[in-house]
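Have a look at the structure below before the remarks.
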Amino acid sequence: MQAFKADTSGFALDTAGLQRLFEVLAEDGYRVVGPTRRDDAIVYDEIGGITALPAGWTDRQEPGRYALERREDNAFFGYAVGPHSWKKFLFPPSETLWSAHRGDDGVMTVAVPERTADKFAFIGVRACELHAMAVQDRVFGEGPYVDTAYAARRSNAFIVAVNCAEAGGTCFCVSMETGPRATQGFDLALTELIGGDEHLFLIEAGSEAGRRILERVPHGTATTEQAEAARAVSERTASQMGRSLDTRGIKELLQDNPEHPRWDDVAARCLTCANCTMVCPTCFCSTVEDHSDLTGQNAERVRKWDSCFTMDYSYIHGGSVRTAASSRYRQWMTHKLANWIDQFGTSGCVGCGRCITWCPVGIDLTEEVAAIRAALDEGRSR
Ligand code: SF4
Ligand code: SF4
């Protein structure tokens, strides 16, 4: 095993080294979570080693369409992003906040689940997803009300990023300045190089924890050619990106035009199904449900993901505030791209493209913004 050298342009890992990385993380008590193929999609789940990775598969994505296809090579990370995001581990879709039990003596006992946070090692995190985690860190971890369960899971997480080698059909990370290369927020970052007989990973450490883990994984020093090939991967991916979002003045554009006719146009297509909010790696709305069992002895309060597309979400005394689809779509897009900046100092969108792919009618927020902008520009030029 080679000693780690702190100052270097990168190291190279072969597939056996990648398997060893999984094992070292498991030895240190991490639940190793990574991409795997299930139900004709690439999802994130606990995996035991490299054999669970979606080797030789890629995803083809368009508005309202997702399909897996075989690749010509056996790349482990040769896809973009699927329906899952890492928020399902850091901010679970359903979480018990407390439970209550009435004993035979009639005395009620209330218990709060112990917040011993899972130690997750996330394998294959893309640059846009690192930015999405940073966005949710501001929501859950900053301000006067810290979500302690989220904060504990987040601070325990070990992150292995992967630089995208192909742009997905719906991504627009370049225009959001969130990718395709991981530049921050990881412990280790990989760039997969595959061709001929070569299948290896350029690996760089982004934290002290990453350096310590890498010391225990057999690796070599990257050659100049390999380092250049890894840089070229990110440049090629950036140049392939077919979609962009013009963010110039976007906050004012959306906040100043709540009555724009385009909101009715998109509402005529939108099913208010909430898919876009479920797949979005930054959306964080939740609701709270109380349940009791039929004996009346046990009850619990559960937090669940919710969406601004549901009628219940804006229900207050007397009814829902946002009854029209146009008002719900406007709420979502204006919050995501404009009001989020006022609240958290950043856009709520990282350009992953999931909301476009997983919208059953293929609504594309980049097109909606462009249409509002174009209509206003046209009006000004008259
Ligand atoms: S709004 Fe859409 S493109 Fe932006 S981060 Fe959410 S899912 Fe990704
Ligand atoms: S924009 Fe698409 S995914 Fe979102 S609620 Fe409307 S139909 Fe569903």
Side-chain angles (χ1 to χ4, degrees), residues 44 59 61-66 80-88 91 125-139 164 167-180 241-247 250-251 254 262-285 305-314 322-341 344 346-372:
Y44 297 148
D59 48 12
Q61 302 194 38
E62 294 166 22
R65 184 171 182 275
Y66 176 96
V81 291
H84 286 178
S85 70
W86 306 98
K87 84 173 177 184
K88 79 171 196 156
F91 166 46
V125 182
R126 304 309 172 104
C128 63
E129 299 183 307
L130 294 170
H131 282 268
M133 285 183 199
V135 167
Q136 287 213 323
D137 288 350
R138 291 191 190 101
V139 175
C164 290
T170 55
C171 348
F172 51 101
C173 64
V174 170
S175 56
M176 301 310 288
E177 299 180 2
T178 56
M241 204 150 294
R243 194 173 251 89
S244 66
L245 178 65
D246 181 354
T247 57
I250 195 164
K251 185 165 100 69
L254 298 177
R262 187 72 186 187
W263 300 121
D264 291 326
D265 183 293
V266 69
R269 290 171 276 138
C270 176
L271 309 174
T272 66
C273 67
N275 263 18
C276 47
T277 53
M278 296 294 111
V279 295
C280 179
T282 66
C283 277
F284 59 87
C285 290
W305 287 0
D306 201 354
S307 168
C308 53
F309 279 95
T310 70
M311 289 281 272
D312 278 355
Y313 194 74
S314 69
R322 289 188 283 271
T323 53
S326 56
S327 63
R328 278 177 267 159
Y329 189 86
R330 180 182 60 199
Q331 158 65 25
W332 176 69
M333 200 168 86
T334 306
H335 185 215
K336 181 109 330 212
L337 300 176
N339 300 343
W340 207 296
I341 298 169
F344 303 111
T346 177
S347 174
C349 177
V350 296
C352 71
R354 286 181 178 89
C355 59
I356 305 170
T357 299
W358 295 95
C359 172
V361 290
I363 292 173
D364 174 346
L365 82 172
T366 68
E367 269 180 29
E368 299 310 317
V369 171
I372 292 173

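Order of listing sets the numbers, starting from 1, for every ligand and every atom in it. Only heavy atoms go into these numbers, but all of them, side chains included; no hydrogens, no water, no symmetry mates.
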For atom 1 (S) of ligand 1, what is the closest protein heavy atom, and at what distance to 0.1 Å? Lys336 CD, 3.2 Å
Test applied, salt bridge (charged side-chain N to carboxylate O under 4.0 Å, His left out); reference residue, Glu129; option that passes from Lys87, Lys88, Arg354: Arg354
Taking Ser244 for the side chain and Ser175 for the main chain, is one N or O donor matched with an acceptor at less than 3.5 Å? no
Any heavy atom of Trp332 closer to ligand 1 than 4.0 angstrom? yes
Protein heavy atom at shortest distance from atom 3 (S) of ligand 2: Cys276 N, 3.3 Å
Residues forming a ring pair (Phe, Tyr, Trp, His ring centres under 6.0 Å) with Phe172, sequence neighbours excluded: none
Counting each atom of ligand 2 from 1 as listed, which ones have a heavy atom of Ala274 under 4.0 Å away? 5 (S), 8 (Fe)
Taking all non-hydrogen atoms of both residues into account, name the closest pair between Val350 and Cys128 and its distance. CG2-O, 3.5 Å
Among Pro360, Gly362, Ala325, Cys270, which one puts a heavy atom closest to atom 6 (Fe) of ligand 2? Cys270
Do Thr366 and Asp364 meet the criterion of a side-chain donor-acceptor pair at a distance under 3.5 Å? yes
Inter-residue atom distance Leu245.CG - Ile250.CD1, 0.5 Å rounding: 4.5 Å
Taking only heavy atoms of Phe309 into account, list the atoms of ligand 2 that are under 4.0 Å away from them. 5 (S)
At what distance, to the nearest 0.5 angstrom, does CH2 of Trp263 lie from CZ of Arg328? 14.5 Å
Using a 4.0 Å cut-off to any heavy atom of Phe172, which atoms of ligand 1 qualify? 3 (S)
Cys283 side, atom SG; Trp305 side, atom CH2 - distance, nearest 0.5 Å: 10.0 Å
For the CE atom of Met133 and the OG atom of Ser85, what is their distance to the nearest 0.5 Å? 8.5 Å
Backbone or side-chain N/O/S of Cys273 under 2.8 Å of atom 4 (Fe) of ligand 2: no
Within a strict 2.8 Å cut-off of atom 8 (Fe) of ligand 1, protein N/O/S atoms tallied 1
Need the ligand 2 atom indices (1-based, order shown) with element for anything under 4.0 Å from a heavy-atom of Thr272. 5 (S), 6 (Fe)
Donor-acceptor contact present, side-chain Trp358 to main-chain Cys280, <3.5 Å: no
Can you tell me how the ring of Phe284 sits relative to the ring of Trp340, calling it parallel under 30°, perpendicular over 60° and tilted otherwise? perpendicular
Nearest protein heavy atom to atom 7 (S) of ligand 2, by residue and atom, and its distance? Leu271 N, 3.2 Å
Give the residue, atom name and distance (to 0.1 Å) of the protein heavy atom nearest atom 2 (Fe) of ligand 2. Cys359 SG, 2.3 Å
